[in-house]
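Data block below; observations after.
Because the structure is predicted, anything quoted here is derived from the model rather than measured. A note on names: the letters A, B, ... follow the listed sequences, proteins ahead of strands, and every chain is numbered from 1.
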Amino acid sequence: MGGSFFDLVYKVVRKIPKGRVATYGQVAALCGHPRNARAVGYALHVNPDPKQIPCHRVVNRFGGLSPAFAFGGEQRQKILLQDEGVDFHGLDTVDLAVYRWEEDYQ
DNA sequence: CTCTTGACGCACA
DNA sequence: GTGTGCGCCAAGA
């Protein structure tokens, strides 16, 4: 680890503050590859440290998790975010306009 | 080594 | 405004 795109992804995701969410494209952009959101998803897929890397805080550009999400159950992810204070706008969609993590805000 | 799939995002018709 | 396809990077078969 160290230098790889994946490691950078984990690093960024780990930096996401509690109660905030980031999009795959945003993380990819922070890694230096704004068009590589796919690799970000894959990086979280291999998620070596789920306890340290809150993948539940990473959502797609719509603010909702992918239907393939299954690191413990979609419901699980929703509960975790709600517990952090994130309000869901619908069934499994968060209000990015409010909870989207901004590097400038950190 | 080549082709396909994938936790995404966006440009084009 | 909507529908379709393509692009980027990586991994699996």
Side-chain angles (χ1 to χ4, degrees):
Chain A
M1 53 187 196
S4 299
F5 175 77
F6 280 46
D7 297 305
L8 192 54
V9 172
Y10 306 136
K11 189 174 178 180
V12 173
V13 174
R14 223 180 308 167
K15 281 173 58 182
I16 302 174
K18 179 169 170 286
R20 291 270 161 63
V21 296
T23 64
Y24 294 98
Q26 185 178 354
V27 176
L30 291 172
C31 292
H33 293 270
R35 275 91 198 169
N36 194 17
R38 282 181 137 164
V40 176
Y42 197 86
L44 295 177
H45 175 70
V46 293
N47 202 344
D49 299 297
K51 64 177 184 182
Q52 203 171 214
I53 304 169
C55 17
H56 63 268
R57 287 184 195 150
V58 184
V59 297
N60 59 28
R61 70 176 196 73
F62 293 107
L65 281 187
S66 291
F69 183 81
F71 77 92
E74 301 175 56
Q75 193 105 48
R76 177 70 170 165
Q77 193 267 348
K78 190 191 298 183
I79 293 170
L80 287 169
L81 289 176
Q82 287 184 346
D83 183 67
E84 293 184 358
V86 178
D87 178 47
F88 272 71
H89 209 283
L91 206 64
D92 54 332
T93 308
V94 298
D95 195 336
L96 290 174
V98 180
Y99 300 104
R100 184 170 177 272
W101 171 51
E102 298 183 61
E103 311 87 63
D104 300 307
Y105 261 26
Q106 79 168 311

If the plane angle is over 60° it's perpendicular, under 30° parallel, otherwise tilted; pick one for A/Tyr10 and A/Phe6.
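A/Tyr10 vs A/Phe6 ring planes: perpendicular.
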How close or far is atom [atom2] of [N] from atom [atom1] of [X], stated in whole angstroms?
| X | N | atom1 | atom2 | result |
| --- | --- | --- | --- | --- |
| A/Asn47 | B/dG6 | CG | P | 19 Å |
| A/Tyr24 | C/dA10 | OH | P | 18 Å |
| A/Leu96 | B/dC8 | CG | P | 14 Å |
| A/Phe5 | C/dA11 | CZ | P | 11 Å |
| A/Lys78 | B/dA7 | NZ | P | 19 Å |
| A/Asn60 | B/dA7 | CG | P | 12 Å |
| A/His45 | C/dC9 | NE2 | P | 20 Å |

For the atom pair NE2 (A/His33) and CG (A/Leu8), what is the distance rounded to the nearest 0.5 Å?
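Nearest 0.5 Å value for the NE2-CG distance: 8.5 Å.
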Contact list please: residues 30-44 of chain A against DNA chain B, heavy atoms, distance less than 4.0 Å, in numerical order.
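By residue number: A/Ala37, A/Arg38, A/Gly41, A/Leu44.
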Are [X] and [Y] side-chain neighbours, meaning at least one heavy-atom pair lies under 4.5 Å?
| X | Y | answer |
| --- | --- | --- |
| A/Glu102 | A/Arg20 | no |
| A/Leu81 | A/Phe88 | yes |
| A/Asp87 | A/Val98 | no |

Among A/Val58, A/Val40, A/Val46, whose side-chain contact (heavy atoms from CB on, under 4.5 Å) with A/Val9 holds?
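Exactly one candidate clears the test, A/Val40.
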Please measure how far the P atom in B/dA7 lies from the corresponding atom in C/dG3, and state the result in whole Å.
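The same atom, P, in both gives a distance of 23 Å.
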